[in-house]
Amino acid sequence: DLVGSLLAYFEAGGEVTEAAKRLYVHRNTLRYRLQRIEELSGTSLSAPLERFTLELQVRLHFVGS
């Protein structure tokens with residue numbers, strides 16, 4: 001689940017290892033998912049402003065649902 005992985009990543013403060021533990025997946029699995037999210041969204045999670053914008057969009061989506 002890409003969205004769940006992204007939310008776990010945000011909730012772990014961008015720490016891949018911590019987010020992977022929370023998801024019970026290997027950190028490489030999470031890295032692959034995050035890379036896939038970057039490809040699909042055209043967003044770089046290593047760019048602070050882009051990461052913030054994506055996090056805001058995802059969180060607002062769930063507030064509006």
Side-chain angles (χ1 to χ4, degrees):
D1 176 38
L2 294 179
V3 175
S5 296
L6 188 58
L7 284 171
Y9 173 75
F10 291 145
E11 290 171 5
E15 294 291 329
V16 173
T17 301
E18 178 60 30
K21 286 179 186 177
R22 293 178 186 190
L23 292 167
Y24 301 103
V25 298
H26 193 275
R27 65 181 179 273
N28 289 342
T29 299
L30 181 58
R31 284 188 183 127
Y32 171 78
R33 291 177 185 177
L34 295 174
Q35 182 181 16
R36 187 72 180 124
I37 290 165
E38 288 181 321
E39 292 170 359
L40 291 171
S41 67
T43 302
S44 172
L45 293 173
S46 62
L49 184 57
E50 290 183 35
R51 184 176 57 244
F52 172 75
T53 302
L54 183 59
E55 181 175 4
L56 188 60
Q57 290 172 338
V58 170
R59 292 190 184 277
L60 285 174
H61 172 76
F62 287 106
V63 169
S65 297

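Keep in mind that the numbers below use all heavy atoms, side chains included, and drop hydrogens, waters and symmetry copies.
Of all heavy-atom pairs spanning R59 and F10, the tightest one is NH2-CB, 3.6 Å. Across A19 and A12, no two heavy atoms sit closer than the pair N-CB, 3.7 Å. Heavy-atom minimum distance, L23 versus S5: CD1-CA, 3.8 Å. Pairing each heavy atom of L45 with each of E38, the nearest pair is N-OE2, 2.7 Å. Among all heavy-atom pairs drawn from R33 and V25, the shortest one is NH2-CG1, 4.0 Å.
Under the 4.5 Å side-chain heavy-atom criterion for Ile, Leu, Val, Met, Phe, Trp and Tyr, V16 and Y32 are members of distinct hydrophobic clusters. In the hydrophobic clustering of this structure, L2 groups with L7; members are Ile, Leu, Val, Met, Phe, Trp, Tyr whose side-chain heavy atoms approach within less than 4.5 Å, directly or through other members. Hydrophobic cluster membership is shared by F62 and I37, with clusters built from Ile, Leu, Val, Met, Phe, Trp and Tyr side chains linked at under 4.5 angstrom. Hydrophobic clustering (side-chain heavy atoms under 4.5 Å, transitive across Ile, Leu, Val, Met, Phe, Trp, Tyr) groups L30 together with L40.
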What do the steps show when you test L6 against L54 for side-chain contact (heavy atoms from CB on, under 4.5 Å), and what is the final call?
CA-CA 9 Å; L6 188 58; L54 183 59; 3.9 Å; yes

Could you walk me through whether R51 and Y9 pass the side-chain contact (heavy atoms from CB on, under 4.5 Å) check?
CA-CA 11 Å; R51 184 176 57 244; Y9 173 75; 4.1 Å; yes

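At distances below 3.5 Å, at least one donor-acceptor pair connects side-chain atoms of R22 with backbone N or O atoms of E11.
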